[in-house]
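See below for the structure under consideration.
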Amino acid sequence: MSETNVAIRLKHFMESKEIAITQFADMCGIPRPSLSQLLRGRNKKLSDVIVKQIHDRFPELSVLWLMFGEGEMLVPAPINPALVSEAEKFMDENAGEASEPALAALNAATAASNYAVLRDVSNKNKHVAEEPNAAVKPVAPRKVRSITVFYDDNSYEVFYPDKK
């Protein structure tokens, strides 16, 4: 893992939210000097505690994107249970028939998750040809190259799978 890339991605996220470094540190509960050292490359480790603090404050920030640069920077908002229960209430009141408010609530509750599924499917199927009747080319399965485990004492280990 390249800490420099993590610092660049974290800076990019803060710029997109228009948050100053000191504000970001305060919002996440991270000591200002620690965040400053991380962003300047002086601190070579991003502990799991700091990642958790960032994720707790900004759940829309994709941890996979932050750590490895994979996927999109932002993940869709989770489904709002209040909207789902509101839609179910409307459905019950109308003897199972969906009213306009019920449909609106269901659409709002599922839009984010549907978008995420469609985006993932779209990204995974970029290899499909433009023609509608063209054959789908198989994609080679991804393989794990290494696994990094971060411990709460700020140490870490890197594991490499056996090559077969």
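Worth knowing before you read on, the calculation uses all heavy atoms, side chains too, and leaves out hydrogens, waters and symmetry mates. Residue indices begin at 1 and follow the sequence shown.
One finds a salt bridge joining K52 and D56 here, because a Lys/Arg side-chain nitrogen approaches an Asp/Glu carboxylate oxygen to under 4.0 Å.
Taking OH of Y160 as the reference point, atom CZ of R145 lies at 9.5 Å (rounded to 0.5 Å). Expressed to the nearest 0.5 Å, how far CD1 of I21 lies from CD1 of I30 amounts to 11.5 Å. Atom CD of E60 sits about 6.5 Å away from atom CG of L74, to the nearest 0.5 Å. The distance from the CD1 atom of I50 to the OG atom of S34 is 5.5 Å, given to the nearest 0.5 Å. In this structure, CD on Q53 lies 12.0 Å from CZ on F58, to the nearest 0.5 angstrom. How far NZ of K17 is from CE of M27: 8.5 Å, rounded to the nearest 0.5 Å.
The side-chain heavy atoms of L10 and F24, taken from C-beta on, include a pair separated by under 4.5 Å. Between H55 and L61, every side-chain heavy-atom pair lies at or beyond the 4.5 Å cut-off. Residues R9 and W65 have side chains in contact (heavy-atom distance under 4.5 Å, counting atoms from C-beta outward). Here the side chains of L66 and M73 are not in contact, with every heavy-atom distance at 4.5 Å or above.
No donor-acceptor distance shorter than 3.5 angstrom exists from the side chain of S36 to the backbone of P33, with no hydrogens or angles considered.
Tracing side-chain contacts under 4.5 Å through hydrophobic residues (I, L, V, M, F, W, Y), one never reaches V49 starting from I54; they form parts of separate clusters.
Heavy atoms only, all atoms of each residue included: N154 and S47 are closest at OD1-CB, 3.0 Å.
The local environment of CD in E18 is sparse, with at most 12 non-hydrogen atoms from other residues, nucleotides or ligands closer than 6.0 Å.
Cluster partners of I147, using a side-chain heavy-atom cutoff of under 4.5 Å among ILVMFWY residues and allowing indirect links, are V144, V149, Y151, F159.
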